[in-house]
Amino acid sequence: MNHIKLLFFATIRDRAGSKTMEMDIPAAMTIQGLKEKLGADYPNLKESMKSVLITINREYAFDEAVVPANAEIGMFPPVSGG
């Protein structure tokens with residue numbers, strides 16, 4: 001099992017009801033697997049997981065990336081600009 005720290009921002013923070021969360025996940029879990037787990041374990045986050053932007057240790061990550069041990073995972077809502 002890998003221990004990770006989740007950081008929630010903006011509307012995702014509101015839905016999570018917390019700025020941070022720590023959890024243990026399986027060693028080979030991908031970002032996609034983490035999003036599915038969070039959506040299942042925390043129904044308030046399920047909708048957000050469809051379009052969330054993810055960072056691993058402050059670098060953007062895609063769904064197929066494997067979450068390393070002791071990672072800091074940032075979760076941001078989509079951003080639009082103009």
Side-chain angles (χ1 to χ4, degrees):
M1 296 292 266
N2 286 344
H3 189 77
I4 63 169
K5 182 175 184 177
L6 300 166
L7 305 175
F8 302 114
F9 296 90
T11 56
I12 297 174
R13 176 185 292 174
D14 297 338
R15 290 181 181 169
S18 176
K19 293 179 182 180
T20 65
M21 177 187 305
E22 294 192 22
M23 64 182 354
D24 291 315
I25 61 170
M29 182 171 270
T30 62
I31 290 294
Q32 181 63 42
L34 178 61
K35 292 190 319 188
E36 290 169 3
K37 176 176 177 40
L38 287 170
D41 292 353
Y42 303 94
N44 286 349
L45 294 176
K46 187 171 185 170
E47 193 63 31
S48 296
M49 293 301 108
K50 294 178 183 176
S51 59
V52 66
L53 298 175
I54 304 279
T55 61
I56 298 175
N57 298 328
R58 301 184 181 173
E59 293 187 20
Y60 283 106
F62 297 99
D63 286 348
E64 61 275 2
V66 175
V67 180
N70 301 310
E72 180 182 84
I73 308 296
M75 299 195 151
F76 303 84
V79 179
S80 63

Any non-hydrogen side-chain atom of Lys19 less than 4.5 Å from a side-chain atom of Leu7?
no
Rounded to the nearest 0.5 Å, the NZ atom of Lys37 sits from the CE atom of Met49 at a distance of 13.0 Å
> Within a radius of less than 6.0 Å around CD of Glu47, do more than 12 heavy atoms belonging to other residues, nucleotides or ligands occur?
Replying inline: no
Check for a donor-acceptor pair, side chain of Arg15 on one end and backbone N or O of Leu45 on the other, with a separation under 3.5 Å. no
**OP:** State, yes or no, whether a side-chain contact exists between Gln32 and Phe62 at a heavy-atom distance under 4.5 Å.
**Re:** no
| query | Under a 4.5 Å cut-off applied to non-hydrogen side-chain atoms, are Lys35 and Lys50 in contact? | reply | no
Side-chain heavy-atom pair Ile12, Val52 within 4.5 angstrom cut-off: yes
Is there a side-chain contact between Ser48 and Thr11 in this structure, where contact means two heavy atoms from C-beta onward sitting under 4.5 Å apart? no
Paired with Val67, the side-chain contact (heavy atoms from CB on, under 4.5 Å) test is passed by just one of Asn2, Ile54, Ile31, Thr30, namely Ile31
Shortest non-hydrogen pair, Ala40 vs Pro43, comes out as O-CD, 4.3 Å
query = Got a donor-acceptor contact below 3.5 angstrom from the Thr55 side chain to the Gly74 backbone?
reply = yes
**Prompt:** Do Met75 and Leu6 have side-chain heavy atoms sitting under 4.5 Å apart?
**Reply:** yes
Is there a side-chain contact between Lys5 and Thr20 in this structure, where contact means two heavy atoms from C-beta onward sitting under 4.5 Å apart?
yes
Side chain to side chain donor-acceptor pair (under 3.5 Å) filter on Asp24, not counting sequence neighbours, yields His3
List the steps, then state whether side-chain contact (heavy atoms from CB on, under 4.5 Å) holds for Glu72 with Ile4. CA-CA 6 Å; Glu72 180 182 84; Ile4 63 169; over 6 Å; no
Pro78 and Leu53 have their tightest heavy-atom pair at CA-CD1, 4.2 Å
Query raised in the report: Is the number of heavy atoms from other residues, nucleotides or ligands under 6.0 Å of Glu59 CD greater than 12?
Result: no
Review point. In terms of ring plane angle, is the pair Phe76 and Phe9 parallel, tilted or perpendicular, where the classes change at 30° and 60°?
Key: parallel
- prompt: Do Asn57 and Ile73 have side chains that get closer than 4.5 Å, going by heavy atoms?
  reply: no
